[in-house]
Protein chains: 2
Amino acid sequence: MTGSTGTNERRTRTDKQRNRTHILHIAEQYFAEHGVTGSMDAIAKLAGIGAGTLYRHFPNREALLAALLQARADALVARRDAIREQERDTTTALDLWLDALGEWATAFDGLPEPLRAAITEESSPLALTCHGFITTTDEFLHAAQRDGGARPGVRGRELFLAVLATSWVSSAAMADESSPRALSALMRTGWATPAAPGQPA
Amino acid sequence: MTGSTGTNERRTRTDKQRNRTHILHIAEQYFAEHGVTGSMDAIAKLAGIGAGTLYRHFPNREALLAALLQARADALVARRDAIREQERDTTTALDLWLDALGEWATAFDGLPEPLRAAITEESSPLALTCHGFITTTDEFLHAAQRDGGARPGVRGRELFLAVLATSWVSSAAMADESSPRALSALMRTGWATPAAPGQPA
DNA sequence: GAAAAAGCGGAGACCTTCTCCGTATGTTGG
DNA sequence: CCAACATACGGAGAAGGTCTCCGCTTTTTC
């Protein structure tokens, strides 16, 4: 794709590609250890390159994050397909998908924040990925709704946000308590008891 | 409380009290306009004082935030009492309380973040207030559970976190879309349809 | 093996939080 | 009223962050 539009374009330098890969590798470890708010310059230093090089490859933290998340996003798409193929029950499928989504959103500590920011800011490298996943959520949700496994009126966007919110709550040093699972359960069934069986709506 | 333990203690300087009040006043406006992540030094400058003075009064952002939130927390406690007295239906009472809580947690843009951080960090000036509200939530919740208006198994802490999470999602520039109300509704009733009426459990 | 293009490095501009301490100001006893 | 003393103030600046700029090095090409 890159070197074929014209006749006399230069090949991208090999050291550039090598650096890019290396940065990604280091950043992955660094973010995993320090969370997404860690220092960018520290990443450059760890990678043994200058700050300028880091920023030429990834103009800001969000871009770096987006590149890092791309691989995982691909895995998530694969997971989506697997669920589609293997799971006949649409409600379970939705459940599985939301689980997978939640896992993706907690790849790094503090990730939910930039993700939420992205979906409201249009021109973010993360926005596209998020919107794609919202669409997917919508598809699973609609199927479940058709089969009576999910409330009508709920929309994919809300479910996506709910997953993000759950991940946000669970992040940081509170995994020890019951929270994560309880919160997921809460979002699935709510806190209110369903209307009395004898009196529908 | 302040000047009575010993006999020969000096009265606190009047300019100190005046400064404190003034800082609080300015900070209130500033946070309302710029969100809780705005610059501390900017607040000092706006208040016409040196950075040192600001930090002597409030050693960090969290302390300032806590002082600012205290007044609103008092109001929330009053609201709690009002609900207790006036609302006979425990489920509605819980609803009202959660609404009030959500409003408190969105007093400033970005507030949910430090609140969540506080409840996990023990020694935060915000932690005490939060824990009090968790307890209150637990009380309303238990009452509702006794009357069959809320699922058993849910705990106040989870509900509190859910409110925080909802506020977090709603914050920033996404109030335009449907989200806030929809998210609240989602947390109340969940996305899954209740088990078929004919087959309890 | 030059010339030209592309990429690199890190100094440094600018912004933050927060500290330190000389200076100013309020408070108190004579 | 005025020492003299405790207290609080102000703002320079240390420390640490993001990101830019541009002289220099490396790679590619012919």
Side-chain angles (χ1 to χ4, degrees), chain A residues 2-27 30-31 33-68 110 113-114 117 124-125, chain B residues 2-27 30-31 34-68 110 113-114 117 123-125:
Chain A
T2 309
S4 56
T5 32
T7 38
N8 41 1
E9 285 178 358
R10 287 200 168 209
R11 193 197 302 172
T12 63
R13 284 168 56 159
T14 53
D15 55 340
K16 180 179 188 178
Q17 184 54 46
R18 185 159 20 90
N19 265 332
R20 191 190 143 88
T21 310
H22 186 225
I23 291 171
L24 250 22
H25 189 78
I26 297 288
Y30 184 84
F31 281 147
E33 186 168 351
H34 297 88
V36 299
T37 58
S39 153
M40 292 290 277
D41 277 29
I43 293 175
K45 200 148 280 178
L46 276 179
I49 60 174
T53 303
L54 172 57
Y55 283 99
R56 199 168 327 96
H57 281 275
F58 307 100
N60 51 46
R61 179 187 309 271
E62 206 172 32
L64 176 53
L65 223 37
L68 238 28
E113 185 67 56
S124 156
Chain B
T2 310
S4 55
T5 32
T7 38
N8 42 1
E9 284 179 356
R10 289 204 167 206
R11 197 196 299 173
T12 62
R13 281 169 58 159
T14 54
D15 55 340
K16 181 178 187 179
Q17 185 53 48
R18 185 158 22 91
N19 265 333
R20 191 189 144 88
T21 310
H22 187 224
I23 291 171
L24 251 21
H25 189 78
I26 298 288
Y30 184 83
F31 281 147
H34 298 88
V36 299
T37 57
S39 155
M40 292 289 276
D41 277 29
I43 293 175
K45 200 147 280 176
L46 276 179
I49 60 175
T53 302
L54 172 58
Y55 283 99
R56 199 168 327 99
H57 280 275
F58 308 100
N60 52 46
R61 180 189 308 273
E62 208 172 31
L64 177 53
L65 223 37
L68 238 27
E113 185 68 56
S123 66
S124 156

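Just so you know, these numbers use all the heavy atoms, side chains as well, and skip hydrogens, waters and symmetry mates. Order of the sequence lines fixes the chain letters, A, B, ..., with proteins taken first and strands second; residue numbering starts at 1 for each chain.
- Between Ser39(B) and dT17(C) there is a side-chain polar atom (N or O) within less than 4.0 angstrom of OP1 or OP2.
- In this structure, CG of Asn19(A) is placed 13 Å from P of dT26(D), rounded to the nearest angstrom.
- Take the nearest nucleotide of DNA chain D for Gly50(B) and for Ala51(A): the residue whose nucleotide is more 5' is Gly50(B).
- Computed from coordinates, the Glu62(B) CD to dC18(C) P distance equals 10 Å when rounded to whole Å.
- At a threshold of 4.0 angstrom between heavy atoms, the contacts of Ile49(B) are confined to the sugar-phosphate backbone, with no base atom among them.
- Arg11(B) places its CZ atom 13 Å from the P atom of dA8(D), with the value rounded to the nearest Å.
- Remark: His57(A) is not in phosphate contact with dG7(C), judged by side-chain N or O atoms under 4.0 Å from OP1 or OP2.
- To the nearest 0.5 Å, the span separating OG1 on Thr21(B) from CD1 on Ile26(B) amounts to 11.5 Å.
- Arg13(A) comes within contact range of at least one nucleobase, with a heavy-atom separation under 4.0 Å.
- Using a 4.0 Å heavy-atom criterion, one finds that Thr53(B) contacts the bases of the nucleic acid, with or without backbone contacts as well.
- For the OP1/OP2 pair of dT28(D) and a distance below 4.0 Å, the side-chain nitrogens and oxygens of Thr14(A) include at least one atom meeting the criterion.
- Residue Ile23(A) holds its CD1 atom at 11.0 Å from CG of Leu68(A), rounded to the nearest 0.5 Å.
- With rounding to whole Å, Leu54(A) atom CG is found 11 Å from dG9(C) atom P.
- Computed from coordinates, the Phe58(A) CZ to dC8(C) P distance equals 11 Å when rounded to whole Å.
- Heavy-atom distances to DNA chain C give each of Asp41(A) and Arg56(A) a nearest nucleotide, and the one nearer the 5′ end belongs to Arg56(A).
- Distance, Tyr55(A) OH to dG7(C) C1': 18 Å, rounded to whole Å.
- Applying the salt bridge (charged side-chain N to carboxylate O under 4.0 Å, His left out) test to every pair with at least one member in residues 38-65 of chain B, sequence neighbours left out, gives no pairs at all.
- When each of Gly52(B) and Arg61(B) is assigned the nucleotide of DNA chain C with its nearest heavy atom, Arg61(B) is the one assigned upstream, toward the 5' end.
- The line from CG of Asn19(B) to CG of Leu24(B) is 11.5 Å long, rounded to the nearest 0.5 Å.
- Rounded to whole Å, the distance from CG on Leu64(A) to C1' on dC19(D) is 14 Å.
- Taking 4.5 Å as the limit, every side-chain heavy atom of Glu113(B) sits out of range of all side-chain heavy atoms of Val36(B).
- Note: CZ (Arg10(B)) to C1' (dT28(C)) measures 5 Å, nearest angstrom.
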